[in-house]
Amino acid sequence: MKVLVLNCGSSSIKYQLIETEKKFELAKGVVERIGMAGAVLSQKRYDGDSLKIAGEILDHSMAIEYVLAVLLSKTHGVISFKEEIEAVGHRVVHGGETFSDSILITDEVINVLRENIELAPLHNPPNIKGIQAVKRILPDIPQCAVFDTAFHSSMPNKAFLYGLPYDLYKKYKIRRYGFHGPSHWYVSNKAAELMGKDISELKIVTAHLGNGCSMAAIKNGKSVDTTMGFTPLEGLLMGTRSGDIDPSIITFLMGKEGLTLYEVNTLLNKHSGLMGVSGISSDMREILSALEEDNKKAQFAFDIFCYRIKKYLGSYSAAMGGLDAFVFTGGIGENSAKIRKEVCTDLEFIGIEIDEERNNTKNKIISTESSRVKVFCLPTNEELVIATDTEKIISNIIK
Ligand code: ADP
């Protein structure tokens with residue numbers, strides 16, 4: 001089945017057309033600067049053909065029209081009729097407490113997504129816009145939503161409740177939700193497959209380290225804890241997000257610097273993390289090059305980044321009562337041997353021994369033969385999870 005996977009952001013849409021039986025990516029691309037001057041669509045086809053077109057792309061509907069035109073194009077396209085697309089799968093960031101699995105999108109589902117806007121004010125509105133646009137442009141094609149939060153819906157109360165008055169959870173649904181679900185699911189299952197074991201027998205910690213970073217404790221195939229919380233701000237140090245801080249810092253700063261709620265929110269989400277600590281960049285590659293020049297603040301950013309991963313690895317091993325596998329993924333996890341090594345140093349007591357050569361040559365397994373815990377470096381594929389979930393839902397309906 002050919003599934004169009006869409007990840008709609010506020011001013012961008014990432015897309016992939018995937019042939020699910022062969023797990024094959026026919027084309028992938030991104031439309032950027034939607035609604036702004038200088039909008040651009042860039043696409044790469046399976047055979048290396050690439051194209052970039054600039055145009056005036058006013059909204060999400062227009063962007064999706066462009067995507068379809070390119071997919072259908074005689075020279076750069078991969079399909080001859082739009083009916084060849086049998087389903088559309090959307091990455092939807094927040095499913096709240098309602099959705100614990102991927103789902104066929106109906107008007108009722110859209111209404112619930114609207115109700116959840118409060119929980120994900122930046123992410124859910126563009127997701128809904130994308131769904132509405134496809135509904136207009138491809139009215140006969142079924143659409144599915146695959147949620148970032150769904151995989152973590154198996155967390156026990158003790159992991160998802162905060163130490164706040166319980167009534168606030170009931171009133172405002174303030175709790176840990178967790179994000180990056182498809183990625184944590186995908187790499188934990190890949191690790192089990194590579195170990196030749198059933199995931200239901202394993203205790204795995206996964207670290208998705210990209211611009212946003214999160215870790216998950218996965219016991220017997222189910223997420224039992226994760227570092228991101230009510231929003232994707234909690235937990236690890238990220239590109240521009242602070243991760244864990246003492247909440248009192250917020251009120252302290254508001255008093256000292258006269259910051260408004262909006263300004264503090266922007267400070268924590270956009271000006272903190274690697275960027276805030278180093279003052280150089282949110283991009284790990286630039287932090288690593290600054291390290292070569294003995295930049296002190298880049299060193300602090302690097303140290304905090306690695307230390308927090310190590311700390312959560314220990315805490316999740318304790319939470320699960322053991323550890324069988326540890327997985328690195330995401331742009332940083334997949335590409336930085338230096339970070340993998342730093343995180344895994346001095347963890348022999350927990351059963352982790354890294355093989356330097358395997359780590360440096362980007363082997364899938366980077367631990368030594370004798371390491372009790374297997375350590376992996378695996379590319380993630382959230383789009384494939386979205387496409388296969390969509391295919392499963394649609395096939396069940398057609399049956
Ligand atoms: P997103 O979370 O937006 O999907 P990615 O998973 O692509 O992002 O990760 C982006 C991060 O990966 C950036 O911090 C980037 O610097 C980092 N990265 C990419 N390549 C490397 C590399 N070779 N070494 C270290 N970090 C890298």
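Start at 1 and go down the list; that is how both ligands and their atoms are numbered.
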If you take the nearest heavy atom of each of T380, L288, L274, N335, which one is closest to atom 20 (N) of ligand 1? N335
Any nitrogen or oxygen of [X], side chain or backbone, less than 3.5 Å from one on ligand 1?
X: S336; value: no
X: L209; value: no
X: M284; value: yes
X: R285; value: yes

Heavy-atom nearest neighbour in the protein, as seen from [atom], with distance rounded to 0.1 Å:
atom: atom 3 (O) of ligand 1; result: N211 ND2, 2.8 Å
atom: atom 16 (O) of ligand 1; result: D283 OD1, 2.3 Å
atom: atom 11 (C) of ligand 1; result: I332 CG1, 3.8 Å
atom: atom 7 (O) of ligand 1; result: G331 CA, 4.1 Å

Treating N269 as the side-chain partner and R241 as the backbone partner, does any N or O pair qualify as donor plus acceptor under 3.5 Å?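 It does not hold such a pair.
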Hey, is I339 touching ligand 1 through its side chain, its backbone, both or neither, going by heavy atoms under 4.0 Å? neither
Are Y46 and F24 near enough that their ring centres are under 6.0 Å apart?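 Y46 vs F24: aromatic centres under 6.0 Å.
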Compute the ring centroids of Y162 and F160, then answer whether they are less than 6.0 Å apart. no
Working note: K158 + D225, criterion salt bridge (Lys or Arg N to Asp or Glu O under 4.0 Å); need CA distance, chi angles, decisive distance, verdict. CA-CA 9 Å; K158 63 185 175 191; D225 206 348; over 6 Å; no
Please indicate whether E118 has more than 12 foreign heavy atoms, meaning atoms of other residues, nucleotides or ligands, lying under 6.0 Å from its CD. no
Check step by step if side-chain contact (heavy atoms from CB on, under 4.5 Å) holds for Y177 and R175. CA-CA 6 Å; Y177 289 98; R175 51 160 286 176; 3.5 Å; yes
Parallel under 30°, tilted from 30 to 60°, perpendicular over 60°: which one fits the rings of F147 and F99? parallel
